[in-house]
Amino acid sequence: MSKQPYQYYAVERFGSIKEMMELAVKEAGDRVAFKFHKDGQTVDVTYREFYADTLAIGTALVSLGCGDRHIAMVGENSYDWISVYLSVLKSSGVYVPIDKELPFGDIMNIVNDSDSEVVFYTKRFEDDFMENASKMPKVRYFIGINREEDFGNFLSFEIFKAKGKELYEDGDETYASMTSDPSALKMLVYTSGTTGMQKGVMLSEHNLVSSVYYGLQVSTVYTRSLSVLPYNHTYEAVSGLLVSIHKHVTICINENLKVVLKNLQEYKPDFIYLVPAFVEVFYKKIMANARQTGKEQTLLKMIKVSNGLRRVGIDLRRTMFATVHKAFGGNLRKIVCGGSPLRPELGEFFDGIGISLINGYGITECSPLVSANHDDFNDWTTVGIPLPCCKIKFDNITPDGDGEICVKGDVVMLGYYKQPELTAEVLRDGWFYTGDYGRMNDKGQLIITGRKKNLIVLTNGKNVFPEEIENYIADIPYVAEVVVYGLRNEHGLEDSLCAEVFLSEEKLKELGIADPAAAIKADITKAVEPLPHYKHIAKIKIRDTEFEKTTTKKIRRNKIVKD
């Protein structure tokens, strides 16, 4: 048997979030934990100061009789968001993160369905909560992050936190000595989904601890991150924040998406968590700049030369592509990517210029990480190796060898909140049926083929996962968005494929394309040429507007009107 081409990283064991925090203070108490902008200044918070803030918030919650209750939070990414998050995780209560992009009616539904008794919120929701408080009868306290004064059961976060600090300093150890069952519900995450139905995913503290501990064994992080993605999603909340805290990273908080490049240059992180759409933006920006300056071909030739030098042991990427690295702050070594399929071409390009693009696979129901590419065993066509705590099997295998991915292990959720029937559909004998299809390659790396619910079965019996074809078409520079679906014949059966595309006007103009319809027909035909004939496109539909999307920026396929 051949030797395993990688070694798991050594990771310090811990049994609870509280222990993880205590280790951070013990081992790196005076290290900067967070950097962020406030009132025009850059603020530094050490791990010791952060821990003290969680003690104040937690003690204040206990003083209200809410130390073991469901606590919701809705608002923009911020240091206060993280402080509330960790305070609740360390308590015997349950944390309920809510997507700020949801309609307020959906936010209220989640507050009520989750049985939350305290809601933390930011300024943009002040009027909504004030006007609709009576519609959320279980909520005892609304705590405004930006409120200056208390008003009835609407409390000021700063006053609330100051009272907690005072109580703790006066000897109130109730919160500090609190413990909880690691196998009990700890975080209740409502998934948006592409069907619009909200499901409360129940994650235990053991789930969260396992995701951090085993995830770090597969893919490590470094010393400074830029935290960009929404904190209400487990990808950033667990794989980003909790992983970084356990590794005592300095987390730089990005305030909004418009200033990502500016903050990359200011904070100079060495790693960042992103979704593929963001990586696409970076890639297209680099290529557009190269095109505008007449250096596109030079850049591509330099990558070929650099790759040739690397094959003989000479790595000059950071020197040869210094201008690109400078745009990212100069220190960026690694982009961790998840959330949706990644085009392998992106991995090849970023590796070519000296930035590792590490692709992984996760789902909220698995806390969220299932697999990730190892830094020393990275294949962009895969989502890497399973976490050491995960077993994977494939169900309902198609003639092409693809099967539904089923996961068993320490990261698998407890179930869906108050939905036993729905839980029973996806949790069978300890196996979670993900709804995603894929296979293992001969090196033990997981390949994602597509979503079960998106599978197209043609009249010739062939199974087609549209995501595979969409990846080929998405490589066309002026294609902004694409969805492939089956076309039905007069008998109502799918016998051919349609590609519906939204084109970038800016790219069309930049490339001098006067007839987009003719260009896209020729380019799609060329793009899918390597695929079997039954995966070729019979019809192309050009959209005038972007596709409707979920709050996680995934296209709602069920909203597409098919001809």
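Quick note: residue numbers are just sequence positions, from 1.
For the residue pair Tyr485 and Asn454, no side-chain donor N or O sits within less than 3.5 Å of a side-chain acceptor on the partner. Looking only at atom types and distance, the side chain of Glu255 has a donor-acceptor partner in the side chain of Asn263 under 3.5 Å away. No hydrogens or angles considered: a donor-acceptor pair under 3.5 Å links the side chains of Ser114 and Ser116.
In terms of modelled atom types and a separation under 3.5 Å, the side chain of His536 and the main chain of Val528 share a donor-acceptor contact. Within the 3.5 Å criterion, the main-chain N or O of Leu357 finds a donor-acceptor partner in the side chain of Asn378. In terms of modelled atom types and a separation under 3.5 Å, the side chain of Asn207 and the main chain of Val412 share a donor-acceptor contact. Remark: the backbone N or O of Pro530 is not paired with any side-chain donor or acceptor of Tyr472 at under 3.5 angstrom. Judged by distance alone, the side chain of Ser211 and the main-chain N or O of Ser367 form a donor-acceptor pair under 3.5 Å. Here the side chain of Asp436 pairs no donor or acceptor atom with the backbone of Ile448 at under 3.5 angstrom. Under the 3.5 Å distance criterion, the side-chain polar atoms of Asn396 are left unmatched by any main-chain donor or acceptor of Gly403. Side chain of Asp523 to main chain of Ile520: no donor-acceptor pair is present (N/O by atom type, distance under 3.5 Å, no hydrogens or angles). Under the 3.5 Å distance criterion, the side-chain polar atoms of Thr234 are left unmatched by any main-chain donor or acceptor of Ala237. Put simply, the side chain of Asn77 gets close to the backbone of Leu229: a donor and an acceptor are under 3.5 Å apart.
Minimum interatomic distance between Ile358 and Ser219 (heavy atoms only, all atoms of both residues): CG2-OG, 4.0 Å. Val370 and Ile392 get closest at one heavy-atom pair: CG1-CD1, 3.9 Å.
Considering only residues two or more places apart in sequence or on other chains, Thr381 meets the side-chain hydrogen bond (donor to acceptor under 3.5 Å, both in side chains) condition with Asp379. Partners of Tyr534 according to the ring-ring contact (aromatic ring centres under 6.0 Å, His included) rule, which considers only residues two or more places apart in sequence or in another chain, do not exist here.
In summary, the aromatic rings of Tyr85 and Tyr95 are positioned with their centroids under 6.0 Å apart. Taking the six-membered ring for Trp, His37 and Tyr267 have ring centres closer than 6.0 Å.
Judged as a salt bridge (charged side-chain N to carboxylate O under 4.0 Å, His left out), the pairs with a partner in residues 471-482 (not counting sequence neighbours) are, in order, Arg343-Asp475, Glu481-Lys549. Among residue pairs with one or both ends in residues 524-537, those qualifying as salt bridge (charged side-chain N to carboxylate O under 4.0 Å, His left out) are Glu468-Lys535; sequence neighbours excluded. Within the structure, every pair that satisfies the salt bridge (charged side-chain N to carboxylate O under 4.0 Å, His left out) test and touches residues 127-138, not counting sequence neighbours, is listed here: Asp115-Lys138. Screening residues 401-416 for side chain to side chain donor-acceptor pair (under 3.5 Å), with sequence neighbours left out, gives His206-Asp410, Glu365-Tyr416, Asp402-Arg439, Asp402-Thr449, Glu404-Lys452.
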Let's go through Lys559 and Glu500 carefully: what are the C-alpha distance in whole Å and the side-chain angles of both, what is the deciding distance for salt bridge (Lys or Arg N to Asp or Glu O under 4.0 Å) to 0.1 Å, and is it a yes or a no? CA-CA 13 Å; Lys559 297 290 186 180; Glu500 190 164 333; over 6 Å; no

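Between Tyr121 and the options Phe104, Phe129, Phe157, a ring pair (Phe, Tyr, Trp, His ring centres under 6.0 Å) holds for only Phe129. Applying ring pair (Phe, Tyr, Trp, His ring centres under 6.0 Å) to Phe282 and the options Phe328, Phe350, Phe349 leaves one that passes, Phe328.
Taking 4.0 Å as the cut-off between side-chain N and carboxylate O, Lys453 and Glu467 do not count as a salt-bridged pair. The pair Arg147-Glu126 meets the salt-bridge criterion, with a side-chain N (NZ, NE, NH1 or NH2) lying under 4.0 Å from an Asp/Glu carboxylate O.
Remark: Arg451 fails to qualify as a cation-pi partner of Phe465 under the 6.0 Å distance and 45° angle criteria applied to the six-membered ring.
Ring geometry for Tyr417 versus His70: interplanar angle of 30 to 60°, hence tilted.
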